[in-house]
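Below is one structure, written out as structure tokens; the observations come after it.
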Amino acid sequence: MLSDDAVSPDYFWAACGLFEDDEVNGQTFAARILAIRHSGGFIPYGFYSEGNAFTSSGEFLPFSDPAMGLTCSTYVIQVFQSFGHQLVDVETWETRDTDLAWQNGMLETIAQYVSSDRAAEAAKYIGSTRIRPEEAAAAVIHALPPLTVKDAKAMAQEIPELLEAA
């Protein structure tokens, strides 16, 4: 959830492992996030991206291929990357069968809420590696990135359980 409002008391969150004991860099990173939020612009939704999505001043850099875009998870990964932190070792990720079903379902959602043209563009990257939200969350809270898929999956298993318990 991207917001610069006060956090609701029932909102579940965890400390960022990179900045847990580093208040100065944590505040600097928070300023980067605000710069990205205030830079405006359209960030396309899609299943594949490469390079850096944001400049050091927080502006979105359009992708070389209009079919590229960011999911919620890769948005988070890219924000950290723009700050110089590689949260995941994406080379260790593999495409899982359930990821293909999720991507196809997302194409339907994109067609319904954005446009059928955008869905057709994004379809070019069906089958791309997916970093799941709980895996991105695990990478954010881990103190020593980059996480491999094995470590991210192990940590990610606990996140839905914690959310249900809360």
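Because the structure is a prediction, the values reported are computed rather than measured.
- Both F60 and Y75 are assigned to one and the same hydrophobic cluster, defined by single-linkage of ILVMFWY side chains at heavy-atom distances under 4.5 Å.
- Taking all atoms of both residues into account, the shortest heavy-atom contact from S64 to P66 is O-CD, 4.0 Å.
- Residues S57 and T55 have side chains that bring a donor and an acceptor to within less than 3.5 angstrom of each other.
- Panel note: side chain R32, backbone S82; a donor-acceptor pair is recorded below 3.5 Å.
- Between E94 and K153 there is a salt bridge, with a side-chain nitrogen of the basic residue lying less than 4.0 Å from a carboxylate oxygen of the acidic one.
- Looking only at side-chain heavy atoms (C-beta outward), P146 and L87 stay at 4.5 Å or farther from each other.
- Across all their heavy atoms, W93 and L147 have their closest contact at CZ3-O, 3.5 Å.
- For S49 against L70, the heavy-atom pair with the smallest separation is OG-CD2, 3.6 Å.
- With rounding to the nearest 0.5 angstrom, the CD atom of Q78 is 10.0 Å from the CD1 atom of I43.
- For the pair D22 and V24, the minimum side-chain heavy-atom distance is below 4.5 Å.
- Looking at heavy atoms from C-beta onward, K124 lies out of side-chain contact with Y48 at the 4.5 angstrom threshold.
- Contact between V88 and A139 at its shortest, heavy atoms only, is CG1-CB, 3.7 Å.
- D99 contributes a side-chain N or O that, together with a main-chain N or O of R96, makes up a donor-acceptor pair within less than 3.5 Å.
- Relative ring orientation between F83 and F19 is described as perpendicular, the plane-to-plane angle rising above 60° on a 0-90° scale split at 30° and 60°.
- By the criterion of side-chain heavy atoms lying less than 4.5 angstrom apart, applied directly or through intervening Ile, Leu, Val, Met, Phe, Trp or Tyr residues, F29 is grouped together with V140 in one hydrophobic cluster.
- Between the side chains of Q27 and E23, at least one donor N or O sits under 3.5 Å from an acceptor N or O.
- Minimum heavy-atom separation, S128 to Y125: OG-O, 2.7 Å.
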Next item on the list: Determine, stepwise, if the pair F42 / Y45 fulfils ring pair (Phe, Tyr, Trp, His ring centres under 6.0 Å).
Entry: CA-CA 9 Å; F42 174 75; Y45 192 92; over 10 Å; no
Next item on the list: Could you walk me through whether M155 and I159 pass the side-chain contact (heavy atoms from CB on, under 4.5 Å) test, one step at a time?
Entry: CA-CA 7 Å; M155 288 181 69; I159 292 173; 5.8 Å; no
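- Considering only heavy atoms from C-beta on, R118 comes within 4.5 Å of P44 through its side chain.
- Panel note: side chain E20, backbone A15; no donor-acceptor pair is recorded below 3.5 Å.
- Between the E108 side chain and the A119 main chain, no donor and acceptor come within less than 3.5 Å of each other.
- Under a 3.5 Å cut-off, the side chain of T74 and the backbone N or O of I77 do not form any donor-acceptor pair.
- E59 contributes no side-chain N or O that, together with a main-chain N or O of S39, makes up a donor-acceptor pair within less than 3.5 Å.
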Next item on the list: Verify side-chain contact (heavy atoms from CB on, under 4.5 Å) between L18 and N25, making sure each step is shown before the conclusion.
Entry: CA-CA 9 Å; L18 287 169; N25 273 325; over 6 Å; no
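- Under the 4.5 Å side-chain heavy-atom criterion for ILVMFWY residues, no single connected hydrophobic cluster contains both V76 and L61.
- Atom OG in S115 sits 7.0 Å away from atom CD in E121 (nearest 0.5 Å).
- With rounding to the nearest 0.5 Å, the separation of CG in L144 from NE2 in H142 is 5.5 Å.
- Pairing each heavy atom of G127 with each of T95, the nearest pair is O-OG1, 3.0 Å.
- V79 has its side chain within reach of I33: a pair of non-hydrogen atoms, C-beta onward, lies under 4.5 Å apart.
- No hydrogens or angles considered: a donor-acceptor pair under 3.5 Å links the side chains of Q81 and N52.
- Remark: R130 is positioned above the aromatic ring of W102, its terminal NZ or CZ atom under 6.0 angstrom from the ring centre and at most 45 degrees off the axis.
- A donor and an acceptor atom, one from each side chain of R132 and T98, are located under 3.5 Å apart.
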